[in-house]
Structure formats: structure tokens, C-alpha cells
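Keep in mind that what you see is a predicted model, and the values were worked out from it rather than measured. Numbers restart at 1 for each chain; the letters A, B, ... are given by sequence-line order, proteins then strands.
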Amino acid sequence: MGIKDLLRFMKPHIEPIHIKKYAGKRVGIDAYSWLHKGAYSCSMELSLNMEGEKKFQYLNYFMHQINLLRHHKIIPVVVFDGGNIPCKATTENERHRRRKANRDLAMEKLKEGNFNAASELFQRAVSITPSTAHQLIQILRSENIEFVVSPYEADAQLAYLSSLEAEKGGIVAVISEDSDLLAYGCPAVVFKMDRYGNGEEIVQNKVFESASCVPSFQCFDKELFTGMCVLAGCDFLPSVPGIGITKAYSLVSKYRNLDRVLSILKFEKHNQMPEDYSKLFREAVAVFQHARIYDADSKMPQTPKTSSRKAFAVSR
DNA sequence: AATCATGGCTCAT
DNA sequence: GCCATGATT
């Protein structure tokens with residue numbers, strides 16, 4: 001779910017841009033967002049694993065976007081999700097359950113001959129499997145497009161790559177649909193990029209420095225911003241009842257210190273607040289700050305542990 | 001006024 | 001994942 005209501009809250013800090021402004025630069029792509037969009041054009045074919053070309057139409061969509069970037073001399077770096085992070089398991093299970101329910105319903109409608117109802121349900125059942133991702137990886141290889149499979153969340157990997165110099169494999173911006181990127185502290189994120197290259201950009205430095213935009217983040221730093229995001233409710237920790245993005249912003253901008261915010265919160269909401277919220281809060285902030293990532297140069301996950309999954313190399 | 005819960009949409013014909 | 005909307009607090 002990303003950070004609840006964050007993008008709407010940040011609206012005044014969004015600037016419409018064309019992706020060509022990144023000509024000559026390395027730009028990270030959250031593979032999941034384009035895979036998911038592309039899968040809508042062939043959701044039934046994917047769900048039923050049908051024969052024929054159309055099943056692969058999502059690849060055409062993805063490569064169209066890639067070619068758009070290359071046309072503007074942008075160097076794309078595609079980042080895939082790896083395994084699921086344990087604290088996100090309940091969110092993930094719920095999604096899986098709903099997709100399966102929609103798929104079963106779609107099959108029924110299809111048997112009844114109700115094609116329109118079926119295809120609508122197949123769209124809701126759409127899910128990106130390792131197989132669909134692997135089809136794409138093969139094409140990226142053959143086209144010499146750089147890609148990385150993150151050990152866990154692509155968001156974390158994209159944030160890490162954003163912190164590196166281009167010479168060390170770094171990127172200068174991220175294309176995604178996920179507001180979590182802002183909580184991770186990405187310097188520049190482009191949301192809602194369409195097929196012509198138009199998108200909506202949020203640049204961290206501009207957010208912190210802007211004197212004219214309301215809400216103002218002039219007294220914020222990266223930690224306070226991440227804290228605000230966690231307070232508002234994220235995938236790792238639900239918010240305290242009654243606290244949304246607006247209250248989270250007010251608290252952080254008033255007290256300018258996360259420990260102080262927690263004290264006040266404990267005082268005001270002690271009835272509805274879990275006993276261990278402070279601990280869980282600090283852990284969630286730490287997840288955003290010290291995300292598990294795959295370091296292409298060291299060829300090892302930086303936080304080695306539970307490496308049941310394959311470590312993937314980059315193609316460079 | 002802000003949060004919460006729900007339902008519709010992402011492609012492309 | 002996002003967004004809009006109406007009920008709920």
C-alpha cells in the first residue's frame with residue numbers, strides 16, 4: 001500500500017516533467033510497476049497460460065517504455081523484486097488471497113459464457129510471477145539492458161542505487177508508482193510516466209528547501225521525513241488509530257524529533273496504542289534507513305542472512 | 001477536518 | 001501500487 005495518502009499530501013511538491021530531462025543519465029526502473037501495467041493488456045491470457053503471442057504483450061509494453069528512454073539517450077537500470085520481506089508477509093498473503101478469489105470467479109464467468117465479466121475479473125487477478133519476470137529478464141539480456149534482482153524489496157535497492165555515483169553503478173532518478181521510494185529517501189522519483197514520457201516528479205532537495213509550498217518541509221531532514229511516513233502507516237507497521245498523514249506531519253514538524261513525538265503520542269493515545277509501538281516504530285524507521293540491498297561490486301548481499309534465494313548477477 | 005473503508009483503475013482495442 | 005468517494009470518528 002505504500003505510505004497511506006503520501007502522494008496526495010505531497011501534491012504541491014510534484015512537478016510535471018518529460019523524461020528527456022534525464023538524457024545522458026542513468027535512471028532506475030521499478031520493474032514491477034511496468035510489468036503490472038503491461039499485464040493488463042493480456043491478463044486473461046496470462047492467467048490461463050494460453051497459447052500464442054498475446055500472452056507476451058506485457059513484454060511489448062515494457063520494451064516500448066525502455067525504447068522510449070533509449071530514444072532520449074537515457075540509460076535504464078531495471079530493478080526486480082526478490083524474496084518477500086518477513087514483516088510484509090500479511091500484506092502479501094492478503095493480496096494473494098484476493099487475486100486467487102478473483103481468478104476463481106473469472107473461471108466461473110467464463111464457463112457461463114460471460115466474457116466481459118470474466119475479463120474484468122482476470123484483470124483484478126493479475127499477478128506478476130517469477131516466470132513473467134524471467135521472460136522479461138531474457139529480453140533485457142539480449143538487448144544489453146542493465147538489470148538487478150534485489151534480495152528483497154526493489155524499493156530498497158533503488159534507494160541504494162540512488163545513493164551511488166554513476167561510475168559505481170548509481171542512478172540519478174527512479175521511475176516507479178510506489179510512494180515508499182520517498183520514505184526510503186530517494187533523491188528523485190518520477191511517478192505516472194506515460195507512454196510518451198510525461199511524468200510527475202518529486203525531488204527531495206526541492207521538497208526540503210521550498211519556501212513557498214505548503215506543507216513546508218524546511219525544518220525536516222531525511223530521518224524526520226521517514227519518521228513521518230512510518231507514523232502515517234506503512235507496510236511494515238500500521239499507524240496508531242486516528243493518526244494519518246496530516247497528524248503525522250503536524251507532530252513531526254512541531255516536535256522535530258522522533259523520540260519526542262513518540263512520548264507525546266504515548267501520552268495522548270495510550271489507550272489505543274500498542275505497548276510495543278515505540279519499539280516497532282524504531283524498527284520500521286530502521287528498515288527504511290538501512291535497507292537490505294544487493295551490492296553489485298561486492299557480489300554479496302550487504303546483510304547476509306537467510307540466503308535461501310539465488311543471488312543474481314547484474315548484466316553490465 | 002481528518003481518518004477509514006470501499007470500489008474502480010493501470011493496457012489498448 | 002494509485003485515486004476518488006462517502007461514511008465514520
Quickly work out the [X] [atom1] to [N] [atom2] distance and round it to whole Å.
{"X": "A:Lys247", "N": "C:dT9", "atom1": "NZ", "atom2": "P", "result": "14 Å"}
{"X": "A:Glu177", "N": "B:dC9", "atom1": "CD", "atom2": "C1'", "result": "12 Å"}
{"X": "A:Tyr32", "N": "C:dC2", "atom1": "OH", "atom2": "C1'", "result": "12 Å"}

Counter-base of B:dA12, judged by Watson-Crick or G-U geometry with both distances under 3.5 Å: none

Just name whichever nucleotide pairs with C:dA4, Watson-Crick or G-U, keeping both distances under 3.5 Å, else none. B:dT6

Please determine whether a side-chain nitrogen or oxygen atom of [X] lies at a distance below 4.0 Å from atom OP1 or OP2 of [N].
{"X": "A:Lys192", "N": "C:dC3", "answer": "yes"}
{"X": "A:Arg8", "N": "C:dA4", "answer": "no"}
{"X": "A:Arg124", "N": "B:dG8", "answer": "yes"}
{"X": "A:Ser179", "N": "C:dC2", "answer": "yes"}

What residue among A:Phe225, A:Phe220, A:Tyr255 forms ring-ring contact (aromatic ring centres under 6.0 Å, His included) with A:Tyr249? A:Phe220

With sugar-phosphate meaning primed atoms plus P, OP1 and OP2, does A:Ser43 contact a base, only sugar-phosphate, or nothing at under 4.0 Å between heavy atoms? nothing

For a quick check of understanding: with a heavy-atom distance under 4.0 Å over all strands, which category does A:Thr246 fall into, base, sugar-phosphate or nothing? sugar-phosphate

Any A:Val174 side-chain heavy atom under 4.5 Å of A:Val27 side chain: no

Do A:Ile3 and A:Asp180 come within less than 4.5 Å of each other through their side chains, counting heavy atoms only? yes

Counting heavy atoms not belonging to A:Lys55, are there more than 12 under 6.0 Å from its NZ? yes

